[in-house]
Amino acid sequence: MEVAGLVKRYPKAPVNAVDGISFTVAAGEVFGLLGPNGAGKTTTVGMLTTRVRPTAGDARVGGVDVFADPVGARARLAVVPQRSNLDRSLSIRNNLIFHAAYHGVARAQAAARADRLLSQFGLSERGDVKPDMFSGGQSQRVMIARALMHRPQVLFLDEPSTGLDPAARLFVWDRLRELTAQGVTLILTTHDMHEAAELADRVAIMDHGRVLALDTPAGLMSALPGSSTLELSARAQERDGDGAETRRAAPIRDGDGAETSTAATPGAGPPARRALLAALGALPGVERVEPIEPPGAEGEGVRVRVYVEGQAPRLIAPAVALLAEHRMTLTGVEIGKPTLEDVFIHLTGRTLR
Amino acid sequence: MSAAATTGSVADAGVRGGQTRAFLAVLRRDLFVTWSELPVFLAQVVLQPLFLLFVFGKVLGSLGYTQNNYAQLLFPGLLALTAVITGMQTLAFPLVVEFGWTKEVEDRLLAPMATGLVAAEKVLFATLRAMVATTIMIPVGILVLGSIPWRWEGVPLLVLVLVLGSLLGAGLGLLMGTLVAPNRINIVFSLVFTPLLFTGCSQYPWPSLSRLPWFQYVTAANPMTYVSESMRAALVPSVPHIAPWICLIVLAGSLIVLMAIGVRGFYRRAID
């Protein structure tokens, strides 16, 4: 799959939904498009699968020009959407068999393939059932099986494990790994960094219609400063233990609940927070400090991710001491390796969701 | 499948063959589903004209509210009605549902065939279904009315109009199914369906409307009128009717316009 300079601007839209992206995916590779909702992943896949007309750019699948020869391209690709689009008037088995017929697979061959795929996907006993009764995970399995009926060279999966329970997710991942072993190219869109890191050989991180970075998951993470992370959560101390400052925070708030001055809660105000971040950044071995906006942040607490060269645990004691100096109480510590989400935060300053 | 398509005419022929195969497979799917739901299909297509025939042809006649020959005049009109309405319903409702909610059509849009062929298959299937439904009305008419107007000399025109009327219904269905937003389909259907049903001259001959000129203009704008009129020309030529050649020209023209707009609408829904 080769993509060059792909652009999509919807009529009346002020900006390009996809803004000039290029990449090449090798046969048998698993390629992930990672980004938040609205990053342009689905539009990109729509163009590559002949369902969205591009504004500019080129794309080839198995050597066939997707835009000049959509019919030839459709013979070489398959799509597994996020939401079921199974034919509700047909049984599961007939969904597979008619899909093969649309693609010109001979009837006997289609029947044999359907039986094999149904058993591989754990659906043998449910072949005669209509898809109405199926859960999201089962529909997903049927759609992957259906996609494989015409032996596509490239399989597109849109958010393959969204809405699946953990067991179903592992099952789908295992089947997808088997496919790549057979040489099928997989292109998956996801906003789930675990999925991207688990499955993809290479990941393109997308935001606002552009590819911000493209590398192996390990390569993307190694580009981050720091080899391990320390995530600290803290909140402002209540100042009633100190004889000089016996007032509690609440009484000095005004009627709206807004802080009357930054001095009232010295640990959590923006200047204090900046000072804390700077102090953390100055600790030995710290590469970088990223504030993380906790969802629904109310200004009371602080959450930071500290990227550390070497052993992160060594940093806990000095960090706690620093927090105390800034009149903050530690509420949570998490030690981790950098993830693709860290890469995304590093590139955009935002979390994925 | 010419999966490893080379170049030139060999590959072109392979792709064309593949598209024909895909087209036929999609048609086979529709026929398979209809066959497996045969009672539903029959109830769906026969019930409405059956009741119209029974009440207007049989009940009102038996009670003396209509003249005996009204049933003879009504029957060809009901053939026209069945053809147009069945063609329209077969196409419009499923299309709205498939594009709007179930997305079922996606698997066919991703089949190796031109997008226009997916639309063409829908039109062909709706036309076939409408023709079958209309043909079923002949034995139903004999059962309900005891006898139906029949002229063997009129059969060639009858068949031609049957095809055109069914196509007309399919064209109207394609237009509605692709141009109407899914959330408005209920409103549009009731706004379009009932006027179409009663201004299509299936229950009265058009020339007799000269006593009601404004309504004559209204009915002249409904292409179904020309199906009803030529059905009567085929089966009951003694009833005054619009000349068949005029009907055929109007029908051909309407079909060209409907299909052109409908297929464009289909492309718009299929490809962003």
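Predicted model only: the values in this text are computed from it and were never measured.
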(request) First locate atom CZ of Arg88(A), then atom CD of Glu98(B), and finally report the distance between them rounded to the nearest 0.5 Å. (result) 10.5 Å

(request) Check the surroundings of atom CZ in Arg28(B): do more than 12 heavy atoms from other residues, nucleotides or ligands lie under 6.0 Å from it? (result) yes

(request) Counting only heavy atoms closer than 4.5 Å, note whether Leu90(A) contacts chain B via side chain, backbone, both or neither. (result) side chain

(message) Given heavy-atom pairs under 4.5 angstrom as the criterion, report whether the side chain, backbone, both or neither of Phe32(B) touches chain A.
(response) side chain

(message) So, taking the atom named CG in Asp272(B) and the one named NZ in Lys8(A), what distance separates them when rounded to the nearest 0.5 Å?
(response) 6.0 Å

(request) Taking atom CD of Gln182(A) as the centre, report whether more than 12 heavy atoms of other residues, nucleotides or ligands fall under 6.0 Å from it. (result) yes

(message) How close do Arg108(B) and Asp87(A) get, counting heavy atoms only, and between which atoms?
(response) NH2-OD2, 3.7 Å

(request) Identify the two heavy atoms, one from Ala22(B) and one from Tyr102(A), that lie closest to each other, and give their separation to 0.1 Å. (result) CB-O, 3.2 Å

(message) Please classify the contact of Val33(B) with chain A as side chain, backbone, both or neither, using a heavy-atom distance under 4.5 Å.
(response) side chain

(request) For residues Pro112(B) and Arg74(A), report the shortest heavy-atom separation together with the two atoms involved. (result) CA-CB, 4.1 Å

(message) Is it the case that atom CZ in Phe67(A) sees more than 12 heavy atoms from other parts of the structure closer than 6.0 Å?
(response) yes

(request) Flag yes if more than 12 heavy atoms outside Trp35(B) fall under 6.0 Å of its CH2 atom; otherwise flag no. (result) no

(request) Take atom CZ of Phe51(B) as the centre, draw a 6.0 Å sphere, and report whether it contains more than 12 heavy atoms from other residues, nucleotides or ligands. (result) no

(request) May I have the step-by-step check of side-chain contact (heavy atoms from CB on, under 4.5 Å) for Val52(A) and Ile271(B), ending in yes or no? (result) CA-CA 5 Å; Val52(A) 176; Ile271(B) 299 174; 5.9 Å; no

(request) Find the distance between CE (Met143(A)) and CD (Glu106(B)) and round it off to the nearest 0.5 Å. (result) 9.5 Å

(message) Could you check whether atom CZ of Arg9(A) has more than 12 heavy atoms from other residues, nucleotides or ligands sitting under 6.0 Å from it?
(response) yes

(request) Let me know if Thr115(B) has heavy atoms under 4.5 Å from chain A in its side chain, its backbone, both or neither. (result) both

(request) Please test Asp107(B) against Arg146(A) for side-chain contact (heavy atoms from CB on, under 4.5 Å), starting from the C-alpha separation and ending with a verdict. (result) CA-CA 10 Å; Asp107(B) 196 36; Arg146(A) 179 183 68 181; 3.9 Å; yes

(message) If we count only N and O atoms by modelled type, under 3.5 Å, do the side chains of Glu104(B) and Asn85(A) hold a donor and an acceptor together?
(response) no

(message) At a 4.5 Å cut-off on heavy atoms, which part of Ser84(A) comes close to chain B: side chain, backbone, both, or neither?
(response) backbone

(message) Between Arg29(B) and Phe98(A) (side chain of the first, backbone of the second, donor and acceptor by atom type, cut-off under 3.5 Å), is there such a pair?
(response) no

(request) Can you tell which part of Arg151(A) gets under 4.5 Å to a heavy atom of chain B, answering side chain, backbone, both or neither? (result) neither

(request) Look at the side chain of Arg51(A) and the backbone N and O of Ala270(B), then say whether any donor-acceptor pair between them is shorter than 3.5 Å. (result) yes

(request) Please name the pair of heavy atoms, one in Val71(A) and one in Ala114(B), separated by the smallest distance, quoted to 0.1 Å. (result) CG2-N, 3.7 Å

